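Since we're looking at a predicted model, the values are computed, not measured. Order of the sequence lines fixes the chain letters, A, B, ..., with proteins taken first and strands second; residue numbering starts at 1 for each chain.
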Protein chains: 2
Amino acid sequence: MSYKDKKVITIGVVSELTGLSERKIRYYEERKLIYPDRSKGGTRKYSFVDVERLIDIANKMEDGMQTFEIRKQEQKLMKKQEVREKMLRGQLNAAFNIRK
Amino acid sequence: MSYKDKKVITIGVVSELTGLSERKIRYYEERKLIYPDRSKGGTRKYSFVDVERLIDIANKMEDGMQTFEIRKQEQKLMKKQEVREKMLRGQLNAAFNIRK
DNA sequence: CGTGTAAGGAATTCTGACACG
DNA sequence: CGTGTAAGGAATTCTGACACG
């Protein structure tokens, strides 16, 4: 896991980096679009990947997409990716005749 | 400038990442070994490069080095690097006969 | 010199709610 | 539905100082 995935950024900085209000950022979490870590005290910690994701979300919101649509779209992409990986693994196994 | 150089991490997280006390981290800044940014409110913001540097400093402290020695050692390395770059630039200019 | 700690205050973040639409 | 805001409290950070060595 690289630095991009480390959850170390507080919401104030994320707000500056993305231009989104803290309110919006918390709301997108409530709508299951983003999953920050928490410190013991309860303060949210984000990664740079989260920041990129928030910018992506902001663009889609601007395009008039609703939060549940963004979430569904994301799930579809996940599924596609899974299928792709399964197929790839199957082909690899067949090619090299790997079992287990 | 990559994510590694972005000053976005608060001192509490840096303390966790490095294992150093906040006191030590602030002290190394006082001794000119590290240069965090500040938010408008005055809270320190560090980058992952700073975190790496702090770990490096911690190792040298463990080896019994004093803060001014670490600072001097660093300056020497900087100077070496400068000389190296000047020489390289000189050679390039000579080779391609570039002026200005 | 390097670091811990208690002290008081300021900046930051959190949650739940009301508002508007 | 998405977002702003005021409210009260809790977590986080800041500085300057005293202590020890």
Output one line per pair: protein atom, nucleotide atom from nucleotides 2-4 of chain C, and distance, for all N/O pairs under 3.5 Å.
| unit_1 | atom_1 | unit_2 | atom_2 | d |
| --- | --- | --- | --- | --- |
| C:dG2 | OP1 | B:Thr67 | N | 2.7 |
| C:dG2 | OP1 | B:Thr67 | OG1 | 3.2 |
| C:dG2 | OP2 | B:Tyr27 | OH | 2.6 |
| C:dG2 | OP2 | B:Arg31 | NH1 | 2.7 |
| C:dG2 | OP2 | B:Thr67 | OG1 | 2.9 |
| C:dT3 | OP1 | B:Tyr28 | OH | 3.3 |
| C:dT3 | OP2 | B:Tyr28 | OH | 2.9 |
| C:dT3 | O4 | B:Arg23 | NH2 | 3.0 |
| C:dG4 | OP2 | B:Ser21 | OG | 2.7 |
| C:dG4 | N7 | B:Arg23 | NE | 3.1 |
| C:dG4 | O6 | B:Arg23 | NH2 | 3.0 |

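For the pair B:Ile25 CD1 and D:dT15 C1', the interatomic distance rounds to 16 Å; values are reported in whole Å. Atom-to-atom, CD of B:Glu29 to C1' of D:dT13 comes out at 12 Å; the value is rounded to the nearest Å. Atom CZ of A:Arg38 is separated from atom P of D:dA10 by 17 Å (rounded to the nearest Å).
In this structure, A:Thr10 reaches the C:dT13 phosphate: one of its side-chain N or O atoms is under 4.0 Å from OP1 or OP2.
For B:Thr18 (side chain) and B:Val14 (main-chain N/O), a donor-acceptor pair under 3.5 Å exists by modelled atom type. Between the side chain of B:Asp50 and the backbone N or O of B:Ser47 there is at least one donor-acceptor pair closer than 3.5 Å. Looking at B:Arg44, its side chain never comes within 3.5 Å of a backbone N or O of B:Asp37 through a donor-acceptor pair. Checked by atom type and distance alone, the side chain of A:Ser15 pairs as donor or acceptor with a backbone atom of A:Leu20 at under 3.5 Å. Listed for the B:Gln91 side chain is no donor-acceptor partner under 3.5 Å among the backbone atoms of B:Leu88.
Annotation: proximity of residues 41-50 of chain B to DNA chain D (heavy atom, distance under 4.0 Å) is found for B:Gly42, B:Thr43, B:Arg44, numbered in ascending order.
Every side-chain contact (heavy atoms from CB on, under 4.5 Å) that B:Tyr35 has, sequence neighbours left out, goes to B:Lys32. Looking at residues two or more places apart in sequence or on another chain, you find a ring pair (Phe, Tyr, Trp, His ring centres under 6.0 Å) between B:Phe48 and A:Tyr3.
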Review point. So what is the 5' to 3' dot-bracket string for DNA chain D, if pairs are Watson-Crick or G-U wobble with both distances under 3.5 Å, crossing pairs use [ ] and | means the partner sits on another strand?
Key: .||||.||.|.|.||.||||.
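Side-chain contact between B:Val13 and A:Lys45 is present, with heavy atoms from C-beta onward closer than 4.5 Å.
Closest approach of A:Pro36 to A:Lys7, counting heavy atoms only: CA-NZ, 4.1 Å.
With side-chain heavy atoms closer than 4.5 Å counting as contact, directly or through intermediates, the hydrophobic cluster containing B:Met87 also holds B:Val83.
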